[in-house]
Every structure is written in structure tokens, then in C-alpha cells.
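For reference, the structure is listed below as C-alpha cells.
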Amino acid sequence: MSSDLRYFVIIVGCGRLGSYIANKLSHSGHSVVVIDSRESAFNALSSEYSGFRLEGDATEFDVLKQAKTDQADVLIATTHEDNVNVMVAQVAKKLFHVPRVMARVFDLKREKVYHHLGIETVSPTLIAGDVFLESITTSPIAKREGIGL
Amino acid sequence: MKILIVGGGKVIYFLCRTFVSKGYIVTVINRDHDECVRLSRRLKVTVVHGDGSDPQILEEAGAFTANAILAITPNDEDNLVICQLADLQFHIPRTLALVNDPDNEEVFRQLGIKTALSTTYILSSLIEQRASFDEITNLIPVGEGKVNVMELLLNENSPVVGQTLRDIAMPENSLVAVILRDDETIVPRGATVLQSADRLIVMTLPENYSQVLKKLTGESE
């Protein structure tokens, strides 16, 4: 992202992933709102984080309204519950018309449906899996010779 | 009729009992192992243990041949995904979702769920609207709350007792649809005379609801 483009980003879920993205985006000058239902989750934000914290359940329409989702450029749903992420992503896209919406999903079984609903998904399972597979198939591994026990 | 129900608690138990007594084939999906065991012992239903928003579990429960699915877990997000999967992946003709946050009733509708019910909304409108009237024994908002259907008991003090429906100038957009009198069910015509202790099924719009009440009971809210 170039430094002259400032986005308004809403991040749902302030866990390891959510707080990581929030800290980075805030550091590079974007306006950020982080939503989490547990206040203690905000402890994961760095001391330089200059965005907003909103305590609440993002599947509540009112909470998204409070976060000014109607003005957001980007919404990223990162909670540990796939269904929450999928619901929040749909509400942001269809009801608040957020231009760019992304959801983290662990379980890929429902991918067909997500695709049908037009939700952009990121799967940590798939990404990590591919990295592991890639490193096995591309770099040579010294094969262990059998050593008698 | 084959019905899938996703959720738990006493509501499920009694729902299943009602459906089974009507001859429906019921399958319950529940995440709690102990509850599954209890339900399967006490009811003639198939119980599947697992996450109802998992397509594999839905398929195991017979989603491809189900006529209807009720998603009544305590989590709105789960109910949404369950109904969307049921609709898009399994093409179940009738999907019904329970919403806890009353705002989500509209949200769900916009996201393509045909029937979303909010118990919060139903209960709160029941309480609000019958607060001052013991005569109203039942009130159901239908059509996204655009129409009210109420059951009203006429007592002897009502100004309309002894009059024909034709003579009562009912407010516009309202209708006395049915009269329950003793064991009789009467679909009234203009010449039908209202009697004390009649139970009227009345349809109104929310706007003229209080006018209609005033007309039929003589009291104002």
C-alpha cells in the first residue's frame, strides 16, 4: 500500500491475527477500528496502535453500525469462528456496501457456498498446508539412511 | 414431511414431540453428546451428533431429501450459515431461522433467508400490545409485522354486543375474520350478530390496531 492512500479498515476479532493486522495498518497510517467481544483481547494491541477499540459482538447489527461500517473501505473478519466471520462479511458487503470484504475461514468444506455468496475467503489451513507441501517438493531433503536401533 | 432441526434445549424436545405426533419424520442435529443420547432415548427421532453448519453432518442427517429445516441454535451466525447451506447446497425448499437480535430479522431476509423469526420481537410486541387488555388472549404479528392477527374476547360491556357486523363501522383495513362461539366456528357475514363471550379473530394493521380495539371493547389504550 502506498503511503498517500489512507484506508478506513474495520477488523473484527482482536486475536493473534486481528491484532497483528491492526497494529501493522495503524502503524502505516490507516484508520483502524478493531471490534472484539472481550475487552481483554485489546491487550494484544501495541502501544503505538492509534486506532479505535470497540467492545461488542459484531454479529449484532448495531455494533457494526456503531463502528461506522457504512464508511469503511475494507472489513476483515478474523475471529476464530468461521460462521461469525462469514455472517459479518455478508452483512458488511450486502447491507453496508463495504467495497472490500475478507473473511478468515478454517474449514474449507463450505467453500462452494462461500463462493456462491461472493465472499472473499482466506484459509490459514490452505496457506500453511501449501507452504509445507511446496517446501517438501521443491527443496531436496537428505534422505535418512536406516540406522539399526 | 421430513424435517431437520438444528439446536438444543427443551424447545427442541417439545417441538420434536409435536412434529412426531403429527406424523412427520424428524431428524435432530445437536452438538452436545449427552443431549443427543437423552433425545434419542426419549423420542422417536433420528439424532445426529455434530455441528449443523458442517455440510457433511447435514448430508448425514439426510439434508438432500428433507422438506424443511429449522435452525434454532442460540447463535444467530450459526443459524444463518445453516440455512444458507441448506438452501444453496442441499436445496431444502423451506428454511426457517431463529434470530436472537431482533435487528437480524431484517438482516437475514436481505441475505436471502425466507423465514427469520425473532422471539425477542414476538415476545416484546405481545407484552406491549396486551399490557392493558386482558381481553386479548393472543396476538401474532405476521408478514414481517405488517399485519396483526389477534384473538379478542367480547365481554358484556362491549358496545358492539348485540349488533350485526354490518352496523358496526369497523375502521378501515380491519376485518373480523372468525368468531369462536362455544364449540362453533363461524366465518361471519354482515348479518351475523355479535354476542357476549364471543372470541373474535381480528386482523388489523399495526397503525389502526388501537382504533379497532377501542371500537370492539369500548376501552381506549
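Quick note on labels: first sequence line is chain A, next is B, and so on, each numbered from 1. No hydrogens, no waters, no symmetry mates; every other heavy atom, side chains included, goes into these values. Everything numeric here is computed off the predicted structure, so don't read it as measured data.
Taking NE2 of A:His116 as the start and CD of B:Gln84 as the end, the distance is 9.5 Å to the nearest 0.5 Å. Rounding to the nearest 0.5 Å places CG of A:Asp82 at 11.0 Å from CD of B:Glu77.
Residue A:Met87 is tested with B:Asn104, B:Asp78, B:Asn79, B:Asn75 for a side chain to side chain contact (heavy atoms under 4.5 Å, CB included); the sole match is B:Asn104.
For the options B:Asp76, B:Asn100, B:Leu85, heavy-atom pairs under 4.5 Å to chain A are most numerous at B:Leu85.
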*Pair B:Leu80-A:Thr59, side chain to side chain contact (heavy atoms under 4.5 Å, CB included): steps then yes or no*: CA-CA 11 Å; B:Leu80 175 75; A:Thr59 60; over 6 Å; no
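No more than 12 heavy atoms of other residues, nucleotides or ligands lie within 6.0 Å of CZ in A:Phe52, so this atom counts as exposed by the packing criterion. For A:Lys68, the NZ atom sits in a loose shell: 12 or fewer heavy atoms of surrounding residues, nucleotides or ligands are nearer than 6.0 Å. Under a cut-off of 6.0 angstrom, the local environment of OH in A:Tyr20 is sparse, with at most 12 non-hydrogen atoms contributed by other residues, nucleotides or ligands. Heavy-atom contacts from other residues, nucleotides or ligands closer than 6.0 Å to CZ of B:Phe14 number more than 12. Under a cut-off of 6.0 angstrom, the local environment of CZ in B:Arg109 is crowded, with over 12 non-hydrogen atoms contributed by other residues, nucleotides or ligands.
Only the side chain of A:Val86 comes within contact range of chain B, with at least one heavy atom under 4.5 Å from a heavy atom of that chain. When heavy atoms are compared at a cutoff of 4.5 Å, B:Asp87 does not approach chain A at all.
Between A:Lys65 and B:Asp101, none of the side-chain N atoms (NZ, or NE/NH1/NH2) sits under 4.0 Å from a carboxylate O, so this pair counts as no salt bridge.
For the pair B:Gln89 and A:Val113, the tightest heavy-atom approach, listed with the atom from each and the gap, is OE1-CG2, 3.3 Å.
Checked by atom type, the side-chain pair A:Asn83/B:Ser53 shows a donor-acceptor distance below 3.5 Å.
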